[in-house]
Amino acid sequence: MELLKSEIQPLVESALGSLGVDASLVDRMLQPAREADQGDLSLPCFPFAKTLGMAPAAIAEQVKEAMNDHEAILEVNAVNGYLNIRAHPMWLAGRLLKGDVRHAQGGSRREVLIEHTSANPNGPFHVGRARNAILGDTLVRLHRLWGDSVTAEYYVDDMGKQVAVLAWALENMTTDEVEGLLAEREPASPQWANKADHQRVRWYQAAQLLRKESEKSETIEKTIGELVHASEHGDEAVLASFQDAYQPVLDGMLETLGRLGIVFDRFTKESVFVTNGDVAKLMETLGALEINGVAENGAQFLDLGQRGLKGKTEFFYRRGDGSSLYATRDIAYHQWKWTQCNELINVLGEDHKLQAQQVGLTLEELGGRRPEVMFYSFIKLPEGKMSTRRGNVVFMDDLLEEAHAHAVEVLKERRPDLDTEAMATIAEAVGTSAVRFNIISVSPEKGFTFRWEDALSFEAGSAPFIMYSHTRACSIHRKVMETDADSSEMASMPPIPEATMPDGLVQLLRMLAVHDDRLAKVVREHRPNLYAEYMLQLSTAYNSFYRDCYIIDEGKVNPFYFAVSELARTTLREGMVGLGIVPLETM
RNA sequence: GGGCGUGUAGCACAGCUGGAUAAUGCAUCGGCCUCCUAAGCCGAAGAUCGCGGGUUCGAAUCCUGCCACGCCCGCCA
């Protein structure tokens, strides 16, 4: 709790100093208490035991005695060698209602570029690929909440073999051929008959089969190879035909993401860096580096072993025929990205770790900076690894439909008074929010097993739990506005009563006081799951407050309680926006 | 074989820049709707923190060995 710490650290330092201890350790040792019932801040006294020749418990006791009173402190306790300090709820309430906590976004408003998703536009999102988009978008939102200026960017892979295969298939195969080849596979869901991502992926899959099994595969391979080659040399006509092939697919994918509240500010095409000459210039520069090497056929690589890379150290950036590789273009892309921002974050699957190392080391070799990378591990299904080919897959479109339907069921039970349209709106918000939350609430680096029952859980620990607390606060807001209370009185800062505060109120104040600490850590360390956890705790605290404190009692509004409720309401709302949860006002 | 990551209650997951009784949700058992939305609240039970060593006043957290699982090790993208 930095709010309290900055206020009382000098007190602790002087108390400790009076015992003859170097007080410079205090800044590091004075930390949030582990358990709420211990206090808000605690100072372990063990490190001072040796220099003072005293038992830690005795030191804590003496520091406690030497501490001066302060309005911010309710009590100081010495327990088991720890000095525990509890904030005074009245002081906390005063600071909070004055607006001293809540996204202390002052400071440096950084220009942050976050690249995420960048999935090949060859088929619909399944929940595995969507982890990237959900994590990335949440990172974007949380940085914005913190006050950074953020660009969310999608890197469009518009020139690789995958796009070439798709383009070739669309031009050379009929519907009957495609369906004939895919006869043994699960048919496309009729529900998505009008979504190009679901449709065109059939062509892609059929072509993949043809390439492997058909006796014509050699000629097909040759044609596709020529297309890839042409695209890598910036052939405008070929690139245009590629775009015609993938753009509808990409649009379909973006429609799915849009349903989850995920949008991008900019799309950058990979081919740009080939056609504008950046890649050629880059390869020239790389060729002049002292760690450059040349293979027998003229292909070129960097020996990154000399820069600390372990394992396979040769990093090829140029083929024997002089064309560039994906990684080469990625480096050119990164050089450009650095001209657009002063902080760069990529969201990548764990399979890209080596590649990211290579790109990072190369950028540093060129005198630049490496981007920060948030890696995530893949989502599995209980039946094993997700695979479109084997049909072991959950499409995001299907998951969202299911979540929506489940939410409608719940609503029919709880809110039979609602009309169909209102139900649909609420169900959509509840369903999509629950799906997002299910994925962001676990650490990115942790393998994640997708389970329908978890994704569709609307109880404690889910997005709807948070949404529900928020709607309670909204409901109170509406009711208070309806009373004949003087609205100018409500707008001004209410007097804080001297009476003892109920537990639920104190808990809520403490949670609110810790918001900025948590958001700062989450943004600094790229760990959205910690913010998800905070929102859950804040909601729980609001529920306790709601139980303990009647804001409207027998028709009269308690202005202090109402002010706290309002602060919680806005913090909840902004936090929900930060996580991509829809802040419904009623549900 | 090498590199990186993960291993915490029946299940899922937090805590990992070392600090006090390992947090939370699901599932299980019990209680609370004549009062601001019960998608809620209160309580019970449930953990050799993968296994072995080491460092430390103190280790789930740091070091090390082993085991299990995942990802990577293309002149593919």
Side-chain angles (χ1 to χ4, degrees), chain A residues 28-29 31 33-38 42-47 49-50 55-56 79-82 84 120 157 159-163 228 270 295-301 309-314 316-321 323 325-327 329-330 349-355 357 375 377-378 380 385 407 410-411 413-415 430 434 441-443 445-449 451 453-454 457-469 471-480 504 529-530 532-533 536-537 539-540 543-544 546-555 557 561-562 565 586-587:
Chain A
R28 199 163 57 83
M29 296 303 297
Q31 53 200 263
R34 193 180 170 81
E35 301 294 328
D37 58 4
Q38 289 159 352
S42 106
L43 181 80
C45 295
F46 306 93
K50 207 168 261 177
V79 192
N80 301 331
Y82 291 85
N84 292 331
N120 281 329
D157 182 1
M159 57 183 304
K161 192 166 273 182
Q162 305 207 27
V163 198
V228 172
E270 188 181 338
E296 282 180 14
N297 66 349
Q300 286 178 263
F301 61 88
L309 188 68
K310 294 173 187 164
K312 185 187 187 280
T313 61
E314 288 176 352
F316 280 89
Y317 65 87
R318 182 181 177 127
R319 291 198 186 92
D321 68 0
S323 63
L325 285 103
Y326 174 81
R329 287 167 238 138
D330 202 22
E350 60 179 340
D351 55 334
H352 282 70
K353 277 186 178 176
L354 175 59
Q355 152 108 24
Q357 272 277 36
F375 290 107
S377 123
F378 296 116
K380 302 183 292 275
K385 197 175 157 177
V410 173
L411 274 166
E413 224 172 89
R414 297 180 193 282
R415 298 292 308 276
V430 167
S441 56
V442 328
S443 302
E445 71 276 8
K446 194 99 98 183
F448 179 100
T449 304
R451 287 188 173 77
E453 52 180 306
D454 293 342
S457 160
F458 297 164
E459 295 171 31
S462 72
F465 173 83
I466 298 166
M467 298 168 81
Y468 190 74
S469 296
T471 57
R472 279 178 155 175
C474 288
S475 169
I476 283 168
H477 175 85
R478 277 193 304 274
K479 286 212 157 62
V480 170
N529 61 303
L530 296 186
E533 189 192 48
L536 247 18
Q537 290 169 345
S539 302
T540 304
N543 289 340
S544 303
Y546 182 88
R547 177 200 63 211
D548 287 353
C549 304
Y550 280 78
I551 294 143
I552 306 166
D553 207 1
E554 292 175 5
V557 178
Y561 287 173
F562 180 58
S565 179
T586 173
M587 65 187 271

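Keep in mind the model is a prediction, meaning the values are calculated, not measured. Per chain, numbering begins at 1; letters A, B, ... match sequence-line order.
If you check every strand for non-hydrogen atoms under 4.0 Å, A/Phe316 touches a base. Counting any heavy atom pair closer than 4.0 Å across all strands shown, A/Arg472 reaches sugar-phosphate atoms only and no base atom. No engagement by A/Asp548 is indicated, since no non-hydrogen atom pair under 4.0 Å with the nucleic acid exists. Backbone-only contact: A/Lys50 has heavy atoms under 4.0 Å from sugar-phosphate atoms and none from a base. Heavy atoms of A/Asp454 sit nowhere under 4.0 angstrom from any nucleic acid atom. Base engagement by A/Cys549 is indicated by at least one non-hydrogen atom pair under 4.0 Å involving a base atom. Among the protein residues, A/Ser377 comes within range of no part of the nucleic acid, since none of its heavy atoms lies under 4.0 Å from any strand. Contacts of A/Pro56 with the nucleic acid, taken as non-hydrogen atoms under 4.0 Å apart, are absent. Using a 4.0 Å heavy-atom cutoff across all strands shown, A/Ser42 reaches at least one base atom of the nucleic acid. Within the nucleic acid shown, A/Thr586 comes within 4.0 Å of at least one base atom, counting heavy atoms only. Residue contacts shown for A/Leu411 include a base, since a base heavy atom lies under 4.0 Å away. A/Leu325 comes within 4.0 angstrom of the backbone, heavy atoms only, and of no base. If you check every strand for non-hydrogen atoms under 4.0 Å, A/Ile552 touches a base. Heavy atoms of A/Asn297 sit under 4.0 angstrom from at least one base atom.
B/A60 and B/G2 are spaced 30 Å apart, taking the P atom of each and rounding to whole Å. Straight-line distance between the C1' atoms of B/U8 and B/C16: roughly 11 Å, to the nearest whole Å. Between B/C66 and B/C26, the distance separating the two P atoms is 41 Å to the nearest Å.
Atom-to-atom, CD of A/Glu314 to C1' of B/C76 comes out at 17 Å; the value is rounded to the nearest Å. One can place NZ of A/Lys353 at 10 Å from C1' of B/G3, the figure rounded to the nearest angstrom. Summarising the geometry, the separation between CZ on A/Arg34 and P on B/U61 is reported as 13 Å, rounded to the nearest angstrom. Look at NZ on A/Lys312: it is 21 Å from P on B/G1, rounded to the nearest Å. Distance CD (A/Gln38) to P (B/A22): 11 Å, rounded to an integer number of Å. What separates CG of A/Asn529 from C1' of B/G15 is a distance of 11 Å, to the nearest Å. Residue A/Gln355 contributes atom CD, which lies 18 Å from atom P of B/C4 at whole-angstrom precision. Note: CD (A/Gln537) to P (B/C13) measures 18 Å, nearest angstrom.
Looking at A/Leu309 and A/Gln357, their side chains come closer than 4.5 Å, going by heavy atoms from C-beta outward. The shortest distance between side-chain heavy atoms of A/Asp553 and A/Tyr561 does not fall below 4.5 Å. Counting heavy atoms from C-beta on, the side chains of A/Tyr317 and A/Gln300 come closer than 4.5 Å. Inter-residue side-chain proximity for A/Met29 and A/Cys45 is flagged as unmet; no heavy-atom pair is nearer than 4.5 Å. With contacts defined as side-chain heavy-atom distances shorter than 4.5 Å, the pair A/Gln162/A/Asp157 does not qualify. A/Ile552 has its side chain out of reach of A/Phe562: every pair of non-hydrogen atoms, C-beta onward, lies at least 4.5 Å apart.
The listed nucleotides are B/G15, B/C42, B/G25; the one nearest the side chain of A/Ala460 is B/G25. Distances from the side chain of A/Arg547 to the nucleotides B/C73, B/C41, B/U8 place B/C41 closest. For A/Glu350, the side-chain atoms get nearest to B/G70 when compared with the rest of B/G70, B/A39, B/A20.
The aromatic ring of A/Tyr546 sits over the base of B/C36, with ring centres less than 5.5 Å apart and planes tilted by under 30°. Stacking annotation: A/Phe46 is not stacked on the base of B/C57 (requires ring centroids less than 5.5 angstrom apart and an interplanar angle below 30 degrees).
Toward the 5′ end of RNA chain B lies the nearest nucleotide of A/Arg478, the other residue of the pair A/Phe378 and A/Arg478 mapping further downstream. Sequence order on RNA chain B of the closest nucleotides to A/Arg451 and A/Arg319 puts A/Arg451 first from the 5' end.
With both pairing distances under 3.5 Å, B/A60 is matched to nothing as a Watson-Crick or G-U wobble pair. Using Watson-Crick or G-U wobble geometry with both donor-acceptor distances under 3.5 Å, B/C51 finds its partner in B/G65. Applying the Watson-Crick and G-U wobble criteria (two distances, each under 3.5 Å), B/G70 pairs with B/C4. B/A9 is unpaired under the Watson-Crick or G-U wobble criterion, no partner having all donor-acceptor distances under 3.5 Å. The nucleotide B/C32 finds its pairing partner in B/G40, both defining distances of the Watson-Crick or G-U wobble pair being shorter than 3.5 Å. With a cut-off of 3.5 Å on both pairing distances, B/A27 has no Watson-Crick or G-U wobble partner at all.
Nearest heavy atom pair, residue A/Val228 against residue A/Lys161, reads CG2-CA, 3.8 Å. Shown here for A/Met587 and A/Arg415, the closest heavy-atom pair between the two residues is O-NH1, 2.7 Å.
Donor-acceptor pairing under 3.5 Å, judged by distance alone, is present between the side chain of A/Tyr550 and the base of B/C35. With hydrogens and angles ignored, no donor-acceptor pair closer than 3.5 Å exists between the side chain of A/Glu453 and the base of B/A12. Between the side chain of A/Asn543 and the base of B/C41, no donor-acceptor pair under 3.5 Å is found.
Classified by its glycosidic torsion, B/C33 falls in the syn category, the angle being within 90° of 0.
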